[in-house]
Structure formats: C-alpha cells, structure tokens
Amino acid sequence: DKLNDYISTGLNVRRIDRPHAGCLAEMEYNGHLHIGYMIDRDTVLHTTSHGVHTAGISLMRVCGFYEVTDENNSLQKNK
C-alpha cells in the first residue's frame, strides 16, 4: 500500500484492477521487473534486450496495471 500511495501521489498514475488499451502493465519477465504498454486489454507492447515485442498478457506474470490520472501533473513539474 505504501508503494501504491507513492505511485499515485508522486507519479500521477493510479493502480487499476483490469487492463485496458493505453494503460501500463507492471510485469515480471525473465526474473526482472518490466513495464509494458497495453495495446488492448489482452496484448502488451514491451521492450527486451532483443527488441520490441507484443505478447498476450496472459503469458506474463502481471504484478499490476496502472493508468495516468493527470498528464499535466508530473514529478518534473513538482520539483
């Protein structure tokens, strides 16, 4: 909960229950924390050391989904 509080107040995103097009997916991929962009509710776009790939989200170990709450507010502007 503390991490989610930091994310929602400091990074202008909030955790959501289900994916949708345009949200971010936090995943574990090959033992590493990984962030991807949801193209639709089932497909994630992500980068690996071998390039950019799309994959079915069901193939990933998902840690959470996030959406931007305010594009006009960011850590850079708050500094």
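Using a 4.5 Å heavy-atom threshold, the side chains of V52 and L45 count as touching. The shortest side-chain heavy-atom distance between H53 and V44 does not fall under the 4.5 Å cut-off.
The nearest pair of heavy atoms linking C23 to P19 is SG-CA, 3.8 Å.
Atoms OG1 and NE2, on T48 and H32 in that order, are 11.0 Å from each other to the nearest 0.5 Å. Atoms CZ and CE, on F65 and M27 in that order, are 8.5 Å from each other to the nearest 0.5 Å.
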- Message: Pair E26, Y66 - check side-chain contact (heavy atoms from CB on, under 4.5 Å), show working.
- Response: CA-CA 8 Å; E26 176 187 19; Y66 301 88; 3.0 Å; yes

Donor-acceptor contacts under 3.5 Å from residues 34-42 side chains, at least two apart:
{"from": "H34", "atom 1": "NE2", "to": "H46", "atom 2": "ND1", "distance (Å)": "3.1"}
{"from": "H34", "atom 1": "NE2", "to": "T47", "atom 2": "O", "distance (Å)": "3.1"}
{"from": "D40", "atom 1": "OD1", "to": "D42", "atom 2": "N", "distance (Å)": "2.9"}
{"from": "D40", "atom 1": "OD1", "to": "T43", "atom 2": "N", "distance (Å)": "2.8"}
{"from": "D40", "atom 1": "OD1", "to": "T43", "atom 2": "OG1", "distance (Å)": "3.1"}

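Listed by chain and residue number, E28 satisfy the salt bridge (Lys or Arg N to Asp or Glu O under 4.0 Å) test with R61 (two or more places apart in sequence, or in another chain).
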